[in-house]
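Residue numbers start from 1 in every chain, and the chains themselves are labelled A, B, ... in the order their sequence lines are given, proteins ahead of strands. Keep in mind that the numbers below use all heavy atoms, side chains included, and drop hydrogens, waters and symmetry copies.
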2 protein chains.
Amino acid sequence: MCIFYTYQGLPQGSLQKMQYCYDYPRPAVTTDIVVFTLRNERLSVLLIRRARDPYAGYWALPGGFVEPDETLEQGALRELQEETGLTQVYLEQLYTFGEPQRDPRGRVISVAYLALAPQEVLQPVAASDAAALDWFEEEHLPEMAFDHRDILALARARLRAKLNYSTLAFKLLPETFTFHELQRVYEIIGEQVLDKRNFRKFIRSLNVLQETGETRRNGAHKPALLYRLASSAGIYHDRQGTQ
Amino acid sequence: MCIFYTYQGLPQGSLQKMQYCYDYPRPAVTTDIVVFTLRNERLSVLLIRRARDPYAGYWALPGGFVEPDETLEQGALRELQEETGLTQVYLEQLYTFGEPQRDPRGRVISVAYLALAPQEVLQPVAASDAAALDWFEEEHLPEMAFDHRDILALARARLRAKLNYSTLAFKLLPETFTFHELQRVYEIIGEQVLDKRNFRKFIRSLNVLQETGETRRNGAHKPALLYRLASSAGIYHDRQGTQ
DNA sequence: TCATGAATGTGTATTTTTTACACTTATCAA
DNA sequence: TTGATAAGTGTAAAAAATACACATTCATGA
């Protein structure tokens with residue numbers, strides 16, 4: 001398969017436009033990345049405004065075609081870097097979307113990824129082509145291209161579902177953080193307020209916190225202890241895994 | 001994209017072998033299906049013996065190329081039907097495998113599915129090309145082709161992890177079943193023995209059982225009541241989702 | 001310097017859930 | 001009629017989750 005075909009009899013234009021030929025039709029394969037972060041105490045997703053048809057003017061998830069020699073995850077990371085400048089994100093595979101009609105240009109199968117990062121890491125976004133990139137909160141999503149709204153919805157649901165049996169929440173915080181900041185992550189994603197003492201008990205039972213010894217002064221009150229995620233802590237995937 | 005290219009100047013052989021040409025290289029996309037069932041109180045997986053290279057003589061998961069006008073799930077079901085005769089199975093997407101080197105013939109991205117069915121539904125397998133198809137227990141797996149061993153391992157882990165927050169176990173039983181049969185499913189997949197009374201409490205708390213009113217006589221003892229999964233019962237995906 | 005305001009940090013009692021555990025019942029076969 | 005076998009049931013103890021209130025530390029300003 002995967003033959004690089006150079007038939008000399010083809011007109012010059014055709015040669016450059018259609019070099020890759022196969023016995024059977026093949027779908028295009030892309031990655032789409034749902035990047036979540038917390039901004040102003042709101043869960044926000046990074047979208048790109050499409051310049052061209054189809055869906056010109058609509059907003060889309062970052063992503064693009066998978067290249068021949070990269071893994072799917074590498075492809076997702078590369079596209080994210082190229083389109084948004086982001087490099088330091090946590091990434092996990094979400095689901096693969098393959099409805100035949102999901103892209104009007106033809107068959108495109110997309111492997112969707114869920115990405116999480118603290119806002120601090122995401123400053124590069126501001127440096128990019130600002131007009132075409134923006135963060136959106138759940139309640140104020142723009143019109144989205146393709147089936148990207150569905151992908152986003154699944155990512156949101158997955159994030160919420162995994163909160164209680166994973167350490168995903170920590171991926172939305174900088175390296176060191178206070179107990180209260182961590183609690184806010186759980187509250188915002190879970191959309192419910194939590195009792196301070198019970199929350200601390202819950203986190204401690206995970207056995208993944210490490211004291212830094214540092215504190216943070218934050219105003220006219222007692223300073224908060226700073227913690228980090230212990231290096232021994234895994235991600236607790238799937239209660240093992242994915243869905 | 002996805003152009004049907006018919007350049008008349010090509011030699012006859014080439015025309016039939018390479019009709020589909022694209023601007024950029026595209027991976028092939030396949031589905032692979034991990035079909036689990038319970039046979040003789042053992043969790044077993046359906047494999048196909050490969051006749052050709054690569055991996056001639058090795059065993060592989062059923063699956064194959066996704067066609068242009070079918071969804072990924074339809075592709076998985078079609079391949080399963082073509083290769084094994086199975087039609088009535090529960091199917092859910094597992095994970096997408098895309099290591100560049102996973103198939104020596106070239107770039108092949110595989111969307112893996114987890115399938116479950118009661119043994120009763122799986123009789124067609126016997127009718128198929130018997131030499132090339134077989135069921136294997138976990139402890140006696142043959143040498144497997146490609147990365148299919150990894151796919152199988154992930155499916156096994158997912159199945160076990162989802163037992164306690166889904167109704168997947170029911171998909172391994174016929175329409176009506178006894179409490180004890182259901183308990184055996186949990187015990188076999190979870191690899192632990194369970195207390196009869198606590199198990200019954202647990203299942204009842206799910207609120208998905210419907211009495212049929214029938215009983216099953218099974219030997220020199222009290223007959224067991226038969227139940228079915230209530231039609232109102234969902235799958236309890238993901239605590240919503242996948243990983 | 002002292003009083004106030006504001007967020008940090010801690011423990012216990014109650015409720016709920018999970019676990020451990022043993023005997024009676026219905027049927028078949030001898 | 002008796003014995004063997006799997007079905008079916010309830011309660012007490014332990015563990016986990018929940019509800020709930022006050023003392024501590026610091027900054028600020030009177």
Side-chain angles (χ1 to χ4, degrees), chain A residues 38 40-41 160-167 169-170 173-174 176-228 236 239, chain B residues 38 40-41 160-167 169-170 173-174 176-228 236 239:
Chain A
L38 290 174
N40 311 317
E41 300 249 304
R160 181 169 186 161
K162 286 191 74 165
L163 257 204
N164 294 305
Y165 59 96
S166 75
T167 51
F170 294 81
L173 290 172
T176 65
F177 49 84
T178 67
F179 242 114
H180 180 68
E181 289 169 336
L182 183 58
Q183 181 171 344
R184 287 300 295 148
V185 177
Y186 278 82
E187 290 180 334
I188 291 163
I189 296 174
E191 294 181 297
Q192 58 179 330
V193 297
L194 300 172
D195 177 83
K196 201 199 308 192
R197 281 164 294 187
N198 294 338
F199 177 75
R200 289 163 106 96
K201 238 182 292 180
F202 165 68
I203 294 295
R204 278 197 239 274
S205 75
L206 297 178
N207 249 6
V208 296
L209 273 198
Q210 202 175 50
E211 282 194 38
T212 63
E214 312 272 300
T215 59
R216 174 180 300 158
R217 262 165 248 241
N218 207 14
H221 49 82
K222 187 173 181 177
L225 293 172
L226 285 170
Y227 297 85
R228 64 162 52 87
Y236 291 68
R239 273 165 176 295
Chain B
L38 292 173
N40 311 319
E41 301 248 305
R160 181 168 185 163
K162 286 191 72 165
L163 256 205
N164 294 306
Y165 59 96
S166 74
T167 50
F170 294 81
L173 291 172
T176 65
F177 49 84
T178 67
F179 243 114
H180 181 68
E181 289 169 336
L182 183 59
Q183 181 171 343
R184 286 300 295 148
V185 176
Y186 278 82
E187 289 180 335
I188 292 164
I189 296 174
E191 295 181 296
Q192 59 180 331
V193 296
L194 300 172
D195 177 82
K196 201 200 306 191
R197 282 164 294 185
N198 293 338
F199 177 75
R200 290 163 105 96
K201 239 182 294 179
F202 164 67
I203 294 294
R204 279 197 237 274
S205 75
L206 297 179
N207 250 5
V208 297
L209 273 198
Q210 201 174 50
E211 282 194 38
T212 63
E214 312 271 298
T215 59
R216 173 180 300 158
R217 264 164 246 241
N218 207 13
H221 50 82
K222 187 172 179 177
L225 293 173
L226 285 170
Y227 296 86
R228 63 162 53 86
Y236 291 68
R239 263 162 182 294

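At a threshold of 4.5 Å between non-hydrogen side-chain atoms, the residues B:Y227 and B:L182 do not count as touching. No side-chain heavy atom of B:V193 sits under 4.5 Å from any side-chain heavy atom of B:F199. A:Q192 places a side-chain heavy atom less than 4.5 Å from the side chain of A:L194. Residues B:L163 and B:R160 have side chains not in contact (no heavy-atom distance under 4.5 Å, counting atoms from C-beta outward).
To the nearest 0.5 Å, the span separating CD on B:Q183 from CG on B:D195 amounts to 7.5 Å.
Atom CD1 in A:I203 sits roughly 17 Å away from atom C1' in C:dT10 (whole-Å rounding). Regarding B:F199, its CZ atom lies at a distance of 15 Å from the C1' atom of C:dT18, rounded to whole Å. The distance from atom CZ of B:F179 to atom P of C:dT25 is 21 Å, rounded to the nearest whole Å. As rounded to whole Å, 12 Å separates atom P of D:dA7 from atom OH of B:Y227. Look at CZ on B:F202: it is 20 Å from C1' on D:dG10, rounded to the nearest Å. When the C1' atom of D:dG8 is taken as reference, atom CZ of B:R216 falls 16 Å away, rounded to whole Å. Between the CG atom of A:D195 and the P atom of C:dT12 there is a distance of 16 Å, rounded to whole Å.
Taking 4.0 angstrom as the limit, A:R204 places a side-chain polar atom (N or O) nearer than this to OP1 or OP2 of C:dT10.
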Please list, pair by pair, any protein nitrogen or oxygen found under 3.5 Å from a nitrogen or oxygen in nucleotides 11-16 of chain D.
| unit_1 | atom_1 | unit_2 | atom_2 | d |
| --- | --- | --- | --- | --- |
| D:dT11 | O4 | B:K201 | NZ | 2.9 |

Distances under 3.5 Å between nitrogen or oxygen atoms of protein and nucleotides 2-8 of chain C:
| unit_1 | atom_1 | unit_2 | atom_2 | d |
| --- | --- | --- | --- | --- |
| C:dG5 | N2 | A:A220 | O | 2.2 |
| C:dA6 | N3 | A:A220 | O | 3.3 |
| C:dA7 | O4' | A:H221 | ND1 | 3.4 |

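In the interface, the side chain of B:R197 is paired with the base of C:dA22 through a donor and an acceptor atom under 3.5 Å apart.
For B:R216, the side chain to side chain contact (heavy atoms under 4.5 Å, CB included) test picks out B:T178, B:E181, B:L226, with sequence neighbours left out.
For B:R204 against B:F179, the heavy-atom pair with the smallest separation is NH1-CE1, 3.8 Å. Residues B:Y186 and B:A169 come closest through the heavy atom pair CE1-CB, 3.4 Å.
None of B:E214, B:E211, B:R228 except one satisfies the side chain to side chain contact (heavy atoms under 4.5 Å, CB included) rule with B:T176; the exception is B:R228.
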